[in-house]
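First up is the structure itself, then whatever we jot down about it.
Keep in mind that what you see is a predicted model, and the values were worked out from it rather than measured. Every number for a ligand or one of its atoms is a count from 1 in the order of the listing.
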Amino acid sequence: MQQNILPEGVQTPYYFYDTGLLDYTLDLVQQAALPCNYRVHYAVKANANPVLLRHISHRGLGADCVSGNEIRRALECGFAASDIVYAGVGKTDREIEYALRQGIYCFNCESLPEIEVIDGIAGRLGMKARIALRVNPNVDAHTHHYITTGIEENKFGIYLYDLRRVIAESLRLAHVELLGLHFHIGSQITDMTVFRGLCLRVNEILEGIRERGVNFSYINFGGGLGIDYQEPDEHPCADFKAYFNTFAEFFQPTPHLQVHFELGRSIVAQCGSLISTVLYVKEGKKRKFVVLDAGMNDLLRPALYQAYHKIENVTSRLPEEKYDVVGPVCESADCFGKDVTLPATRRGDMIAIRSCGAYGEAMASRYNLRDLAPAVYWASDQG
Ligand SMILES: *Cc1c(COP(=O)(O)O)cnc(C)c1O
């Protein structure tokens, strides 16, 4: 971890972003995707920080949004409307109208009632909405059950048994143009055989649809590529080559098919750390607690998903001990790690919680009326 994480005059807790690492990661993504003719949209929900969004739009990625406000933010930060797709199970009428008026590329739709509403609004505006159907492909992502989305019986997507009917109904509507299908099976997936399984399933689905005379121009495989939370310094970038090569090898596209991806975590997670100060070290009978000035309102993932983040004491050089590292919020879940090995830790030491660029700042709240953590930027020299 670089020493530049401690800028003077900024109060902890704060998010520290290495924009050099972000740019380097974006270059790797594009180098791996472009030879396969794949188009990558950044999933804005992972981190909607305007500074990061500008780096991402500047490198030529599109934006995958899940609310009207995310679309507005993406437009403000340099993404063209034609490079924006809009997903989500609960799009409101106002959001749909806003997205249509902006001229976004495509709505990724999750149900027939939603498609009928989009058709109605587009008709009223004298427009035609480009849509794709989000299909629940029944592929198990082997990841945490809160972040699995592609198996049956969850709220996302159109079920395979229902797909034929939804396609037929959509093709009958006058104000929607059905471009293709969208899939997103979960998050923090590091096992490429999961994506291979997705490719094979999508091949089957497309073949079944072609047999009935429907030809799509657009397939979107969603996101979900995982990162190394254990060793962020050894693996600062996800293996984008292995990821896109899996699709190049196993997915069989028809000619002229546009193939899109929506990566969130793998683009921004490693460039961010949450920096905080040790307020107190509390010694119990069996455990020692390090109490930070950062809490679950700043970084929710450990409390919400029992997620692991590497924790480092960046100022102590003393022999190691074990601590439970906790925040100040009045909830037992406000704990960043149990039995964490750290150099002996004292009040005033600085702690870095690593790999926080995705679903960190984006999920922050003002619970306990705490202030939102500010962001600090630094461009390291990468590559
Ligand atoms: C969250 C989400 C993504 C991004 O997922 P990551 O795991 O961060 O890559 C992509 N597409 C959809 C539809 C999503 O909901």
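- For ligand 1, the atoms lying closer than 4.0 Å to a non-hydrogen atom of Glu262 are 3 (C), 4 (C), 9 (O), 10 (C), 11 (N), 12 (C), 13 (C).
- Proximity to Gly223 (heavy-atom distance under 4.0 Å) selects the following atoms of ligand 1: 9 (O), 10 (C).
- Classification of the Tyr38-Phe244 ring pair by plane angle, with boundaries at 30° and 60°, yields tilted.
- Between Phe261 and Phe247, the ring center distance clears the sub-6.0 Å criterion.
- Taking every non-hydrogen atom of Asp64 and a distance limit under 4.0 Å, the qualifying atoms of ligand 1 come out as 10 (C), 11 (N), 12 (C).
- Residue-environment remark: CZ (Arg94) stays at or below the threshold of 12 foreign heavy atoms within 6.0 Å.
- Of all protein heavy atoms, the one closest to atom 7 (O) of ligand 1 is Ser187 OG, 2.3 Å.
- For the pair Arg301 and Tyr359, the tightest heavy-atom approach, listed with the atom from each and the gap, is CG-O, 3.4 Å.
- Taking a cut-off of under 4.0 Å to the non-hydrogen atoms of Ala43, the atoms of ligand 1 that pass are 3 (C), 4 (C).
- Counting heavy atoms of neighbouring residues, nucleotides and ligands inside a 6.0 Å radius, atom CZ of Arg124 exceeds 12 of them.
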Next item on the list: Please lay out, stage by stage, how Tyr367 and Glu331 fare under the test side chain to side chain donor-acceptor pair (under 3.5 Å).
Entry: CA-CA 11 Å; Tyr367 186 39; Glu331 298 281 346; 2.5 Å; yes

Note to self: Quick one, Tyr17 with Leu22, criterion side-chain contact (heavy atoms from CB on, under 4.5 Å). Give me CA distance, side-chain angles, the key distance, then yes/no.
What the structure shows: CA-CA 8 Å; Tyr17 293 113; Leu22 174 59; over 6 Å; no

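- Numbered from 1 in the order shown, with element, the atoms of ligand 1 that lie under 4.0 Å from a heavy atom of His182 read 13 (C).
- For the residues Glu110, Lys45, Arg134, the heavy atom positioned nearest atom 2 (C) of ligand 1 is part of Lys45.
- Using a 30° and 60° split on the angle between ring planes, Tyr218 and Tyr105 fall in the perpendicular class, above 60°.
- Ring pair Phe107/Tyr86 is tilted by interplanar angle, where 30° to 60° counts as tilted.
- Distances from ligand 1 to the non-hydrogen atoms of Tyr359 include at least one value under 4.0 Å.
- Of the protein's non-hydrogen atoms, the one nearest atom 5 (O) of ligand 1 is His184 CE1, 3.4 Å.
- By the criterion of a heavy-atom distance under 4.0 Å, neither the backbone nor the side chain of Asn108 is placed next to ligand 1.
- At under 3.5 Å, not a single nitrogen or oxygen of Gln188, backbone or side chain, sits near a nitrogen or oxygen of ligand 1.
- Atom numbering of ligand 1 starts at 1 in the shown order; those under 4.0 Å from a heavy atom of Arg265 are 6 (P), 8 (O), 9 (O).
- At least one heavy atom of Gly224 sits closer than 4.0 Å to an atom of ligand 1.
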